[in-house]
Amino acid sequence: MKLSDCYREIWAVDTEYIALDGNAPIPVCVVAKELISGRTARLWQNQLAEPFYRPTGDVLVVAFMAAAELAIFRQLGWPIPSRVLDLYVEFLRLTNGPAAQNALLRPYGVGLLGVLEFFGLPSIDHAEKTAMRNLIMRGGPWTEVERLAILNYCETDVVALERLLPAMEQRIIGDFETHGQALLRGRYMSAVAGMEIRGLPVDCDLLRRLNTHREAITAGLIDELNRQYGVYVGGSFNEAAFDEWVCRSGLEWPRDSSGRLNLQDDTFKAMEGVAPALVAPLRELRKTLVQLRGKGLQVGIDGRARTSIRPFASVTGRNQPSNREFVFGLGKWARSLLKPAEGMAIAYLDWKSQEIGVAACLSGDEVLWASYNAPTDPYLDFAIKAGLAPPNANKSTHKAIRQKAKAIVLGVNYGKGAKAIALETGMHEIEATTLLELHQRTYRVFWGWVKATVNAGLMGDSIRTVFGWSWRAAWLPQVDGKGKALQLNERALLNWPMQSNAAEMLRLACCLIDEGGIRLLAPVHDALVIEAPTAEIDAEVTRAVALMGIASAVVLGEGRVLGVDQYVVRWPNRFIEPDNEAAEEMRLRILCLLSRMESQP
DNA sequence: TCTATATCACCC
DNA sequence: AAACGGGTGATATAGA
């Protein structure tokens with residue numbers, strides 16, 4: 001099958017735009033070449049009133065990282081193309097191996113130039129690309145010569161796409177199914193574009209105050225504590241100084257095999273039990289300092305925080321936005337920086353126990369599916385089915401056993417072992433082993449599915465999601481980029497189908513919600529954020545939840561609708577993480593430090 | 001003094 | 001030998 005047999009027009013497209021920190025992109029030019037007829041459209045800023053394409057099913061738009069192009073189309077008010085093929089995403093899919101080896105599998109990187117090189121195709125050099133990007137980012141007005149240079153540069157990427165497409169075409173669209181799946185990924189890029197344009201509404205005043213005083217607060221806290229402890233040297237935590245303090249204090253602090261002190265919060269917590277008055281202030285400071293990070297948010301002049309969603313960036317196909325630029329990647333207290341604009345509301349909608357539901361349906365384990373839908377919850381229902389609790393048990397009557405069952409049910413999805421579960425819950429390793437065995441006996445179909453997937457992966461097969469995102473875990477010899485031996489991680493193979501199919505569900509929901517005209521703001525792995533005027537938010541939540549249900553049923557099968565938790569914030573309120581005392585405590589602590597700092601000269 | 005590596009904490 | 005999946009990023013120390 002050839003693409004040119006499937007479409008009347010195939011447009012290779014590249015755009016140039018100005019993207020200033022935190023602001024939506026401003027179009028500079030668009031160049032597109034129709035690959036069947038060979039005609040080229042070179043459109044400068046002032047020629048962008050009308051799209052060069054028809055948004056119909058017989059027109060294919062080909063791009064590299066199409067979210068950028070689609071963002072420009074959206075900014076221009078152009079209709080969304082109904083068929084999009086993103087060669088960036090397809091390259092990621094075709095070269096998707098173990099995370100530690102992906103650098104080897106993509107020796108020239110994942111940029112357009114690197115991908116051209118990967119296929120042995122000619123391209124312009126990096127220096128030229130950088131120079132042109134700088135010229136564009138400098139902003140207008142551009143001279144006539146510069147304008148021509150920018151258009152020509154834009155066209156070089158279009159020509160590159162024209163060369164790249166035949167090199168990748170057969171592997172992308174081998175048959176109708178893979179063709180359609182590639183288009184589904186392209187379709188998602190438009191939802192991504194929408195989210196990247198809209199950004200998240202931020203309380204700019206609070207953020208500005210925090211940014212102004214962050215360093216002074218940090219320094220003040222360190223000084224205050226250090227008078228007694230002396231473990232910070234030059235504003236930095238010093239291991240040697242801490243070692244001395246530990247010796248002075250006469251504490252038996254845990255160390256690793258080479259004698260280095262263990263500095264994990266867990267260890268601090270344990271030592272706090274031994275010597276609360278000594279350890280607690282230090283532990284609190286260390287936690288607070290970590291939480292005070294977060295000056296990376298890029299906020300546009302409209303008060304919206306924007307960052308790249310980085311779709312498909314992980315081996316499971318999850319989005320991977322920068323943790324420092326993405327509000328939901330910061331500590332949870334920082335979500336209180338989210339504040340709807342006047343008259344607006346935002347809603348955080350997350351699937352309940354999404355990966356358990358995915359596992360139940362895709363494995364075909366009706367017992368696990370029954371547990372997922374149990375009137376109690378999946379954890380207690382496991383305890384009941386395994387004979388650990390009576391059929392009438394509930395959360396309050398069997399709290400302790402529910403906690404244990406929860407650790408097992410959640411841990412199983414990650415391939416967690418008895419030792420780790422015992423450590424986490426405080427139960428004996430033998431008990432954890434017993435419970436894990438009970439899980440295997442209770443959910444036999446699930447375990448058969450897991451083992452078949454792991455075996456296929458170990459044999460070198462690609463494993464794949466319902467929509468064809470794929471991963472080959474055993475591909476190259478098991479060494480990393482430096483020749484260091486790698487062990488193929490069976491637990492990664494075990495978890496991959498749940499995480500990656502959950503990611504498919506999220507992407508489809510994003511498509512349906514965005515296309516349904518709901519203002520979609522952000523994806524958060526098993527959740528998404530929408531926005532609406534306060535008067536409309538309840539209705540929009542209802543619509544969005546229904547669409548999440550459809551996405552669930554499309555991925556998991558007829559009638560397999562996963563539940564959704566809802567959290568709505570209406571102006572003038574801000575986002576307060578529900579049922580999270582730690583986050584709220586940290587928020588109040590930081591606000592307190594902030595106002596104290598502001599009241600001092 | 002700059003960079004690489006290890007450790008740790010955060011998110012789902 | 002150990003055994004918690006996928007990530008990003010800040011920080012401190014070691015190394016060049």
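Chain identifiers are assigned alphabetically (A, B, ...) following the order of the sequence lines, protein sequences preceding nucleic acid strands; residue numbering begins at 1 within each chain. In this text the structure is predicted, and so the values were computed from the model without any measurement.
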In this structure, how many angstroms lie between the [atom2] atom of [N] and the [atom1] atom of [X], rounded?
X	N	atom1	atom2	result
Leu330(A)	dG9(C)	CG	C1'	11 Å
Glu577(A)	dC10(B)	CD	P	14 Å
Asn319(A)	dC11(B)	CG	P	18 Å
Leu410(A)	dC12(B)	CG	C1'	12 Å
Leu506(A)	dG6(C)	CG	P	19 Å
Arg310(A)	dC12(B)	CZ	P	18 Å
Lys295(A)	dG9(C)	NZ	C1'	13 Å
Gln320(A)	dG6(C)	CD	P	11 Å

Identify the heavy atoms of [X] and [Y] that sit nearest to each other, and give their distance.
X	Y	value
Leu528(A)	Ala509(A)	CD2-CB, 4.1 Å
Phe446(A)	Ala359(A)	CE1-CB, 3.6 Å
Ala551(A)	Met505(A)	CB-O, 3.7 Å

[N] OP1/OP2 closer than 4.0 Å to side-chain N/O of [X]:
X	N	value
Lys287(A)	dC10(B)	yes
Ser500(A)	dG6(C)	no
Asn495(A)	dC4(C)	no
Arg491(A)	dA3(C)	no
Arg324(A)	dA10(C)	yes
Arg335(A)	dC12(B)	yes
Gln499(A)	dG5(C)	no

What's [X] touching, base or sugar-phosphate or nothing? Going by heavy atoms closer than 4.0 Å.
X	result
Ala313(A)	nothing
Gln291(A)	sugar-phosphate
Phe237(A)	sugar-phosphate
Gly331(A)	sugar-phosphate
Gln354(A)	nothing
Asn413(A)	nothing
Asn238(A)	sugar-phosphate

Check your understanding: Rounded to the nearest 0.5 Å, how far apart are CG of Leu92(A) and CZ of Phe312(A)?
Key ->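 Leu92(A) atom CG to Phe312(A) atom CZ measures 8.5 Å (nearest 0.5 Å).
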Check your understanding: If you pin Ser314(A) and Glu239(A) to their nearest nucleotides in DNA chain C, which one's is more 5'?
Key ->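 The answer here is Ser314(A).
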Point to revise | Residue closer to the 5' end of DNA chain C, Glu325(A) versus Arg318(A) (nearest nucleotide) | key: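 It is Arg318(A), whose closest nucleotide lies nearer the 5' terminus.
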Review point. Taking the side chain of Asn323(A) as heavy atoms from C-beta outward, which of dG5(C), dG7(C), dC8(B) is closest to it?
Key: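 My answer, after comparing the listed nucleotides, is dG7(C).
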Check your understanding: Between dA12(C), dC8(B), dC11(B), which nucleotide gets closest to the side-chain atoms of Ser236(A)?
Key ->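 Among the listed nucleotides, the one closest to the side chain of Ser236(A) is dA12(C).
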Check your understanding: Hey, is CD on Glu325(A) packed in by over 12 heavy atoms from elsewhere, all under 6.0 Å?
Key ->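 Check passes, neighbour count above 12.
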Review point. Quantified in whole Å, what is the C1' atom distance between nucleotide dA3(C) and nucleotide dC11(B)?
Key: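 Roughly 23 Å separates the two C1' atoms.
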Exercise for review: Can you tell me, in whole Å, how much space there is between the C1' of dA9(B) and that of dA2(C)?
Suggested key: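 That atom pair is separated by 22 Å.
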Exercise for review: Begin from the C-alpha positions of Tyr372(A) and Tyr443(A) and carry the test ring-ring contact (aromatic ring centres under 6.0 Å, His included) through to its verdict.
Suggested key: CA-CA 12 Å; Tyr372(A) 179 85; Tyr443(A) 306 113; over 10 Å; no
